[in-house]
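Following: one structure in structure tokens, then a few remarks.
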Amino acid sequence: MTFAFDNSPVWLDLLGVFFFAVSGSLLAARKQIDIVGSLLLASLVGLGGGVIRDIILAIVPAAFTNPAYLAPPLLATVLVFFLFSSVQRYTSLLILFDAAGLALFCMTGTLKALATGLNPVASVLLGVTTAVGGGLLRDVTANEVPELFNPKDIYALPAFVGSAMTAVLWVLGVFNVLTAAGIAGVVFTFRVLAWRRSWQAPLAVRGWHRRVGGTGL
């Protein structure tokens, strides 16, 4: 049994918002930002990717039409406020929650694009944009080097893999709850392994090097 985005449970999208929102509040806690700033950062990362997606699709963002979307950032902010003092491995938690959000949003973004009539290639690109958009806004706002542009990590590639798998299975008519869970597992595992094992993508220019003592490259 296949299902389109319109028939998929709203809680799946809300769960992705929550995971990303927790990563935003964790970053706010590390930066010693007050609770209001934590809520704003959680909302920015949790809702930002979906808002960008919906604006590109020329529809009113779901975050502005469904009040339920405001609950995950608020819940994330409260949980981090009370639990962060006992968190010993901040970076690990941030990566795990961010990876979970990435896994869900690359699928929901792709599905919504397909449901509105975009071709599969454009839908994959929009799925990736949905997945990485919130994290990019989070890092820039918090004055951090965006993970998207971190040469020592892989961030967008897992989202590309998940979005492409979603589009292919949707076109074949075999995208369902089980295959969706499989895609989410692949993206989450890929992202976490890339971080733990320091996987890197090739640099923009093969053989690039800095000339020691000179001004050229």
Side-chain angles (χ1 to χ4, degrees), residues 5-55 59-109 111-112 127 129-144 146-148 155 158-159 162 177 180-181 183-185 187-189 191-192 195:
F5 182 87
D6 292 338
N7 297 325
S8 62
V10 176
W11 60 260
L12 186 66
D13 208 27
L14 294 177
L15 192 60
V17 174
F18 173 75
F19 286 142
F20 267 137
V22 170
S23 74
S25 290
L26 285 172
L27 182 57
R30 195 195 72 174
K31 303 281 287 188
Q32 297 185 338
I33 299 174
D34 64 35
I35 192 170
V36 176
S38 176
L39 177 59
L40 292 176
L41 199 59
S43 301
L44 188 63
V45 62
L47 304 174
V51 170
I52 293 173
R53 173 200 64 206
D54 292 344
I55 289 176
I59 60 178
V60 179
F64 300 149
T65 59
N66 188 347
Y69 278 82
L70 303 179
L74 180 60
L75 177 60
T77 302
V78 172
L79 288 177
V80 171
F81 177 78
F82 285 107
L83 300 179
F84 183 76
S85 59
S86 62
V87 172
Q88 301 297 323
R89 304 180 66 182
Y90 153 80
T91 303
S92 297
L93 278 178
L94 194 155
I95 294 296
L96 291 176
F97 278 101
D98 186 75
L102 196 77
L104 293 177
F105 268 26
C106 71
M107 287 192 297
T108 58
L111 288 173
K112 191 164 188 178
T129 301
T130 304
V132 305
L136 179 61
L137 294 174
R138 173 198 63 206
D139 294 338
V140 170
T141 303
N143 198 28
E144 293 278 309
E147 285 296 321
L148 182 61
Y155 191 71
V177 175
I183 293 173
V187 176
F188 179 83
T189 302
R191 172 70 185 109
V192 173
W195 170 71

Q) Among all residues two or more places apart in sequence or in another chain, which pass the side-chain contact (heavy atoms from CB on, under 4.5 Å) test with V17? A) L47, Y69, P72, P73, F105
(Q) How about CG on N143, more than 12 heavy atoms from neighbouring residues, nucleotides or ligands closer than 6.0 Å, or not? (A) no
Q | Contacts of type side chain to side chain donor-acceptor pair (under 3.5 Å), residue D139, not counting sequence neighbours | A | none
Q | Least distance between heavy atoms, L70 atom then A63 atom | A | CD2-O, 4.4 Å
Q: Nearest 0.5 Å please: distance from the CZ atom of R53 over to the CD1 atom of I59.
A: 7.0 Å
Q: Might you point out which heavy atoms bring A62 and K112 nearest each other, and give the distance in Å?
A: CB-NZ, 4.4 Å
Q. Should the pair R138-D98 be classified as a salt bridge under the 4.0 Å nitrogen-to-oxygen rule?
A. yes
Q) Where do S23 and V45 come nearest, in terms of heavy atoms and distance? A) OG-CG2, 4.1 Å
Q: Could you tell me which non-hydrogen atom of V60 sits nearest to which non-hydrogen atom of T65, and how far apart they are?
A: CG1-CG2, 3.3 Å
Q: Before giving the answer on side chain to side chain contact (heavy atoms under 4.5 Å, CB included), spell out for V22 and L79 the whole-Å C-alpha distance, their side-chain angles and the decisive distance to 0.1 Å.
A: CA-CA 8 Å; V22 170; L79 288 177; 5.6 Å; no
Q: Kindly compute the distance separating CG (L26) from OG1 (T77), expressed to the nearest 0.5 Å.
A: 10.0 Å
Q) So do L102 and C106 actually touch side chain to side chain, heavy atoms under 4.5 Å? A) no
Q. Under 4.5 Å between any side-chain heavy atoms of L41 and T141, yes or no?
A. yes
Q | Rounded distance [0.5 Å steps], CZ in F97 versus CG in L27 | A | 14.5 Å
(Q) Test side chain to side chain contact (heavy atoms under 4.5 Å, CB included) on L40 and I33; report intermediate values, then the result. (A) CA-CA 10 Å; L40 292 176; I33 299 174; over 6 Å; no
(Q) Checking F20 against L104 for the side chain to side chain contact (heavy atoms under 4.5 Å, CB included) test, could you report, in this order, the C-alpha distance in whole Å, the side-chain angles of both residues, the deciding distance, and whether it holds? (A) CA-CA 10 Å; F20 267 137; L104 293 177; over 6 Å; no
Q: Name all residues meeting the salt bridge (Lys or Arg N to Asp or Glu O under 4.0 Å) criterion together with R191; count only those two or more places apart in sequence or in a different chain, and write none if there are none.
A: E147, D153
Q) Measuring from F81:CZ to S25:OG, what's the distance to the nearest 0.5 Å? A) 11.5 Å
Q) How long is the gap from CG on N66 to CG on L14, to the nearest 0.5 Å? A) 7.0 Å
Q) What pair of heavy atoms forms the shortest contact from A103 to V187, and how long is it? A) CA-CG1, 3.6 Å
Q) Between I52 and G133, what is the shortest heavy-atom contact and its length? A) CD1-CA, 4.3 Å
